[in-house]
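Just so it is clear, the values below take in all heavy atoms, side chains as well, and ignore hydrogens, waters and symmetry mates. Every chain is numbered from 1, with letters handed out A, B, ... down the list of sequences.
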There are 2 protein chains.
Amino acid sequence: MARNKYPEETINQILTVSLHLFVQKGYEQTSIQDIINGLGGLTKGALYHHFKSKEEIMQAVIEHLFKDVDEMLSGIRDDNELSGLEKLQKISRVSLGNPAQDEMASVAPNLLRNPKLLAAQIEHMIEKAVPVYIQPIIEQGMRDGSIRTDYPRELSEVLLVLTNLWLNPAVIQTSPEMMLRKVRLFDDILKGLGLDLFDEHMFQRYEELFRLSAREVNSEN
Amino acid sequence: MARNKYPEETINQILTVSLHLFVQKGYEQTSIQDIINGLGGLTKGALYHHFKSKEEIMQAVIEHLFKDVDEMLSGIRDDNELSGLEKLQKISRVSLGNPAQDEMASVAPNLLRNPKLLAAQIEHMIEKAVPVYIQPIIEQGMRDGSIRTDYPRELSEVLLVLTNLWLNPAVIQTSPEMMLRKVRLFDDILKGLGLDLFDEHMFQRYEELFRLSAREVNSEN
DNA sequence: GAATACATACCGACCGATGGTATGTATTAT
DNA sequence: ATAATACATACCATCGGTCGGTATGTATTC
């Protein structure tokens, strides 16, 4: 293949193809040859010129995968108009608001069959999302009086563990009915901690989703 | 190598060696040759006579790994002397009671570096521990009046997700100090749900653990 | 209680595919 | 012109797995 004047394009293509394969077939089940085959003429030498190992490709893919959510979180964190609580509300509205459209979930239907990706998500959550975004927001909430807790760090972790793992259908497959029940219990838990993240509007979305799916099941007869 | 009159011994040896390697180096990083090398003269042919793939060895190892905890859980579940709540209390006493001695945690210090094992644990939790043990116990508690909830299934999942993932130092590495704070927040969450799982005695253990570690840090000067 | 028939435990050479490397060549930047 | 870069090609050790074969066990028959 002819040499590309703009090697970034090549790199991006490698990452795009790899992302698709890693997410579809799983990291371990994707061979370097699979990636090369999806690259339209590019060869192994080219790939190993840009990345020094399969693992490094994975790392780059992960980074790219979390870039969007990181930008969303930092945008909300740095919004000067909102209280701590309002920021948390906004985050849960965005990340739980469109249950079907979550990029990660939509492409990786079952993270348990993709353990490497699952571990990467947990690691990102603990090493980055909690200390860099959620915990600072909660601490702001403690200062501005919108959130009251003795455990900012620990509460951040609980919030993310529950939303990103327990409420994540890519980790625990969940029917719309059960998802509605889960969200209600989640709301109970948060209310018990003095946190009020959800408005009626959000429940209505899940209820609608539930009613839609129920109708589908009925119409299958 | 001479033929073994009791082939179960051979199988058990394969499983023992594999468990050690999988847990120490990780599943993907353990080669069949590694296992064979640890087997004292047994060869590849023998190994593949007893197991048809590396994956099947992993499955057998996992099963063996969860046998103990399963027996503990079913024993408590079938205890006719206890209320539902008392059973939950007993379970958390046993599984959170000796933080350092948890078999799984002690052998696999970092599950994020062993994603396959992590996924297996989550799967076991959702597919078995919740529906077979915890949920029935909670439903008993609803009948005998010791537990009040509208979400037996969902509450079971939350309990296990928080204890087995969030409170699991093999998943999220945690200092004794932070572990104490986590357990306190966990207790707050449960109390908010009307669940009272912990007695003072348990907190004292974690506090003691904390004080011990603090002294260690001081004596390092 | 031999002889026979079959099942099981194990051996070790071999296979294609895998992730990775070494080296060569053409193109671009300086 | 020359150095750096983008890519190709040939090659490597190791990987998980297969297969034909042997030795040793057990059950059945005579």
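- Taking the side-chain contact (heavy atoms from CB on, under 4.5 Å) definition, one finds that B/Gln59 meets it with B/Glu55, sequence neighbours left out.
- Screening residues 40-50 of chain B for side-chain hydrogen bond (donor to acceptor under 3.5 Å, both in side chains), with sequence neighbours left out, gives no hits.
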Atom pairs under 3.5 Å: protein N/O with N/O of nucleotides 19-25 of chain D:
unit_1: D/dT24; atom_1: O2; unit_2: B/Arg3; atom_2: NH1; d: 2.2

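- In this structure, B/Lys54 fails the cation-pi test against B/Phe22, since its NZ or CZ atom is not both closer than 6.0 Å to the six-membered ring centre and inside 45 degrees of the ring normal.
- For residues 30-41 of chain A, proximity to DNA chain D is found at A/Gly41, defined as any non-hydrogen atom under 4.0 angstrom from a strand atom.
- The side chain to side chain donor-acceptor pair (under 3.5 Å) search around A/Glu139 returns A/Gln135, not counting sequence neighbours.
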> Yes or no on side chain to side chain contact (heavy atoms under 4.5 Å, CB included) for B/Val161 and B/Val158, after CA distance, side-chain angles and deciding distance?
Replying inline: CA-CA 5 Å; B/Val161 164; B/Val158 168; 5.8 Å; no
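- Between A/Glu9 atom CD and D/dA6 atom C1' the separation is 13 Å, expressed in whole Å.
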Please tabulate, for side-chain N and O atoms in residues 180-187 of chain A, each donor-acceptor pair with protein atoms closer than 3.5 Å (sequence neighbours left out).
unit_1: A/Arg181; atom_1: NE; unit_2: B/Glu154; atom_2: OE2; d: 3.0
unit_1: A/Arg181; atom_1: NH2; unit_2: B/Asp150; atom_2: O; d: 3.2
unit_1: A/Lys182; atom_1: NZ; unit_2: A/Trp166; atom_2: O; d: 2.7
unit_1: A/Lys182; atom_1: NZ; unit_2: B/Glu157; atom_2: OE1; d: 3.1
unit_1: A/Arg184; atom_1: NH2; unit_2: A/Glu207; atom_2: OE2; d: 2.9
unit_1: A/Asp187; atom_1: OD2; unit_2: A/Lys191; atom_2: NZ; d: 2.6

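- Summarising the geometry, the separation between CG on B/Leu47 and P on D/dT18 is reported as 12 Å, rounded to the nearest angstrom.
- For the pair B/Lys52 NZ and C/dC10 P, the interatomic distance rounds to 20 Å; values are reported in whole Å.
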>> Using side chain to side chain donor-acceptor pair (under 3.5 Å), reason through B/Asn12 and B/Glu8 one step at a time and then give a plain yes or no.
In response: CA-CA 6 Å; B/Asn12 279 333; B/Glu8 286 186 13; 5.2 Å; no
>> side chain to side chain contact (heavy atoms under 4.5 Å, CB included) for B/Leu42 and B/Leu47? Distances and angles first, verdict last.
In response: CA-CA 8 Å; B/Leu42 218 73; B/Leu47 192 151; 5.7 Å; no
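- The side chain of B/Thr10 places no N or O atom within less than 4.0 Å of a non-bridging phosphate oxygen (OP1 or OP2) of C/dA9.
- Rounded to whole Å, the distance from NE2 on B/His50 to P on D/dG17 is 17 Å.
- What separates CD of A/Gln29 from P of D/dC15 is a distance of 18 Å, to the nearest Å.
- Residue B/Glu55 contributes atom CD, which lies 16 Å from atom C1' of D/dC15 at whole-angstrom precision.
- Distance, B/His49 NE2 to C/dC10 C1': 8 Å, rounded to whole Å.
- Among the heavy atoms of the strands lying under 4.0 Å from A/Leu42 are primed sugar atoms or P, OP1, OP2 only; no base atom is included.
- Between B/Lys128 and B/Asp70 there is a salt bridge, with a side-chain nitrogen of the basic residue lying less than 4.0 Å from a carboxylate oxygen of the acidic one.
- Remark: C1' of D/dT18 and CD of B/Glu56 are 15 Å apart, rounded to the nearest angstrom.
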